[in-house]
Amino acid sequence: MSQLNNKMAVLHHDLAALAVDHAGLGVWEIVAATGAWHCSSRCKQLLGIRHPMDPIDALDAEDRRRFTEAVDRAIRHGEFHLEFRVHQRWFAAVGRVVRKATGPTSIVGTLQDITGHRVAVEVCLGEVGIELAKPLAAIRIGVGLLHDATASPELITSIEDTVGAMQRLVNELIEFGRSVARP
């Protein structure tokens, strides 16, 4: 029976490895005690790093800070989630804490290139912003016409303030969409 269990374990491992490879995922481990981040060759390939390079070196200073915070959160809550950018590509790292009787030993997970999804969502948001800007322009023209009518100055000011706030929000949305769509 033990031999059958061993064969099943090997088969399960082989199937898991095949599925991870087919999905284009990198596999990684973060050592809880040191915070050292160890990556599979696919993970390093995705990040664009060579063998002696530490994976953390691929991250900019802000993402390194967010990485440390994500490790701390994972140790407390059991799950690791981080999206970050390396060389114009977006990645999602997700994982779970491995615990022993003495406490958390590591965090293991996968790395996936999510650039296509991220850019599509952000471009869509930018397009929504452009569509929202059109009626706001018409409202601004209407408010201008109110100045010539009998509307109270308080009403006009209130409408202008609201439209101005909406316009600022839409402009930020448009700029956000443009900034992430740039190569």
Side-chain angles (χ1 to χ4, degrees), residues 16-17 19-100 102-133 136 161-183:
V20 166
D21 185 58
H22 182 69
L25 300 174
V27 180
W28 52 263
E29 175 187 33
I30 300 168
V31 179
T34 64
W37 186 18
H38 304 286
C39 290
S40 68
S41 58
R42 171 65 62 91
C43 187
K44 289 179 180 181
Q45 178 187 16
L46 288 168
L47 294 173
I49 60 175
R50 301 270 187 279
H51 172 62
M53 194 173 165
D54 188 340
I56 200 76
D57 292 338
L59 306 182
D60 65 23
E62 174 64 17
D63 284 333
R64 286 181 191 172
R65 182 190 61 75
R66 293 177 52 246
F67 174 86
T68 302
E69 290 173 356
V71 170
D72 292 341
R73 265 191 319 278
I75 297 297
R76 287 191 313 273
H77 302 291
E79 294 193 7
F80 182 93
H81 298 278
L82 181 65
E83 288 187 9
F84 57 94
R85 195 171 186 170
V86 175
H87 306 299
Q88 305 300 321
R89 307 293 300 172
W90 283 98
F91 297 96
V94 296
R96 292 191 181 218
V97 173
V98 176
R99 296 185 185 279
K100 291 191 177 177
T102 57
T105 59
S106 64
I107 306 167
V108 295
T110 59
L111 181 74
Q112 181 178 22
D113 185 332
I114 60 165
T115 304
H117 170 75
R118 180 84 182 229
V119 168
V121 167
E122 291 166 351
V123 167
C124 181
L125 288 174
E127 290 173 3
V128 167
I130 290 168
E131 290 304 311
L132 287 172
L136 285 175
D161 290 346
T162 301
V163 170
M166 289 178 65
Q167 187 66 57
R168 285 188 297 279
L169 181 64
V170 167
N171 289 344
E172 289 174 9
L173 185 60
I174 292 168
E175 184 56 34
F176 178 75
R178 287 180 181 153
S179 70
V180 297
R182 288 184 206 124

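- Interatomic distance, E83 CD to H117 NE2, rounded to the nearest 0.5 Å: 7.5 Å.
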(message) Assess the residue pair R65 and E69 against the criterion (salt bridge (charged side-chain N to carboxylate O under 4.0 Å, His left out)); give the C-alpha distance rounded to whole Å, side-chain angles, the decisive distance to 0.1 Å, and a yes or no.
(response) CA-CA 6 Å; R65 182 190 61 75; E69 290 173 356; 2.4 Å; yes
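- Using a 4.5 Å cut-off on side-chain heavy atoms (C-beta onward), L59 and W37 make contact.
- Going from atom CZ of R66 over to atom CG of D60 covers 8.5 Å, rounded to the nearest 0.5 Å.
- T115 places a side-chain N or O within donor-acceptor distance of the main-chain N or O of W90, the cut-off being under 3.5 Å.
- Checked against salt bridge (charged side-chain N to carboxylate O under 4.0 Å, His left out), R99 has no partners two or more places apart in sequence or in another chain.
- Not a single donor-acceptor pair under 3.5 Å links the side chain of W28 to the backbone N or O of H38.
- The shortest distance between side-chain heavy atoms of R42 and L25 does not fall below 4.5 Å.
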Would you give me the side-chain donor-acceptor pairs under 3.5 Å for residues 73-82, sequence neighbours excluded?
from	atom 1	to	atom 2	distance (Å)
R76	NH1	D72	O	3.4
E79	OE1	H81	NE2	3.2

(request) Apply side chain to side chain contact (heavy atoms under 4.5 Å, CB included) to R85 and R118, showing your working. (result) CA-CA 11 Å; R85 195 171 186 170; R118 180 84 182 229; over 6 Å; no
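- The structure places CD of E29 at 9.5 Å from CD1 of I107, a figure rounded to the nearest 0.5 Å.
- Here the side chains of F84 and L47 are in contact, with some heavy-atom distance below 4.5 Å.
- Contact annotation: the side chain of I49 never approaches that of D57 to less than 4.5 Å [non-hydrogen atoms, C-beta and beyond].
- Taking SG of C39 as the start and CD1 of I56 as the end, the distance is 9.0 Å to the nearest 0.5 Å.
- Of the possible polar contacts, one joining the T105 side chain to the V98 backbone as a donor-acceptor pair under 3.5 Å is found.
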